[in-house]
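The structure under discussion appears below in the form of structure tokens.
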Amino acid sequence: IAGCADKKRVIEIDAAFGGDNNGYEGIINEADFTEAVVEKLSALLTEDGHFDVLLTHEAGTSATVAQRVEKIQADKPDFVLSIHATGTPDASKSGQVVYADIPTAETHDESLKIAQNIADAFTSDTWTPQVHYLYYTPFDDDSYQISEVGSDDTTDYKLETWDMMEQCDVPVVISNQIYVTNQSDIDTWANDAG
């Protein structure tokens, strides 16, 4: 992050789901996975000594996007990392996608840099995370289509993206870590070593 070389970086970590809201349900629940990741990551970053770690909400609780954004805006972190998982009826679908703020956002450059660093940190011979932008195409008040494009596509689609990204004044990165419907993803990442 620009201008942060001599001070601790303040990172706010968000478990996308928790409490009574399980998120995607599959072999495991998204909430259980994301809360475990946030707990481990918070401890590792705190031990590292280069970060002050804040949470958008405590483990075992849920918070709406509006509540989480309100806390982020009050906390004024250097950046936000929101941990998600996903699921699909196709149990063979696997992988990690890291989302950066869209190219038209003021926070795009920093968000993209962080997203790419996260993807690079996870890249191995068997795991290749992608960095994407996500857009919503509304059909009416209650339905929309989600589109993803690679981080090399800087077209201004004039569409909305994740609410958290649109509503926060700081760089936000959303990491869709695993598919909770894929046994291999779970075996690899939903444990202490992962």
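Quick note: residue numbers are just sequence positions, from 1. As the structure is a computational prediction, the values presented were derived from the model and not from experiment.
- Residue pairs meeting the salt bridge (charged side-chain N to carboxylate O under 4.0 Å, His left out) criterion with at least one member in residues 148-160, sequence neighbours excluded: Asp156-Lys158.
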Audit row: Tyr133, His108, ring-ring contact (aromatic ring centres under 6.0 Å, His included) steps and yes/no: CA-CA 10 Å; Tyr133 305 118; His108 168 262; 5.6 Å; yes

Would Thr107 and Asp101 satisfy side-chain hydrogen bond (donor to acceptor under 3.5 Å, both in side chains), going step by step from the backbone distance to the final call? CA-CA 7 Å; Thr107 54; Asp101 285 339; 2.3 Å; yes

Take Glu58 and Thr61, measure what side chain to side chain contact (heavy atoms under 4.5 Å, CB included) needs, and give me the verdict at the end. CA-CA 6 Å; Glu58 294 300 318; Thr61 67; 4.2 Å; yes

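- Under 4.0 Å is where a charged nitrogen must lie from a carboxylate oxygen, and between Asp192 and Lys40 at least one such pair does.
- Under the 4.5 Å side-chain heavy-atom criterion for grouping Ile, Leu, Val, Met, Phe, Trp and Tyr, Ile178 is connected to Phe122 within one hydrophobic cluster.
- Judged by distance alone, the side chains of Trp127 and Gln96 do bring a donor and an acceptor atom under 3.5 Å apart.
- A donor-acceptor contact shorter than 3.5 Å is absent between the side chain of Asp14 and the backbone of Leu81.
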What verdict does the side-chain hydrogen bond (donor to acceptor under 3.5 Å, both in side chains) test give for Thr161 and Glu166, after you've listed the backbone C-alpha separation in whole Å, the side-chain angles of each residue and the deciding distance to 0.1 Å? CA-CA 7 Å; Thr161 189; Glu166 287 193 352; 5.8 Å; no

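- Using modelled atom types and a 3.5 Å distance limit, the side chains of Ser94 and Asp185 yield a donor-acceptor pair.
- Note: Phe17 and His84 have perpendicular aromatic rings, judged against thresholds of 30 and 60 degrees for the angle between ring planes.
- With Lys76 contributing its side chain and Asp169 its backbone, the two residues share no donor-acceptor pair below 3.5 Å.
- A salt bridge does not link Arg68 to Glu12: none of the charged nitrogens lies less than 4.0 Å from a carboxylate oxygen.
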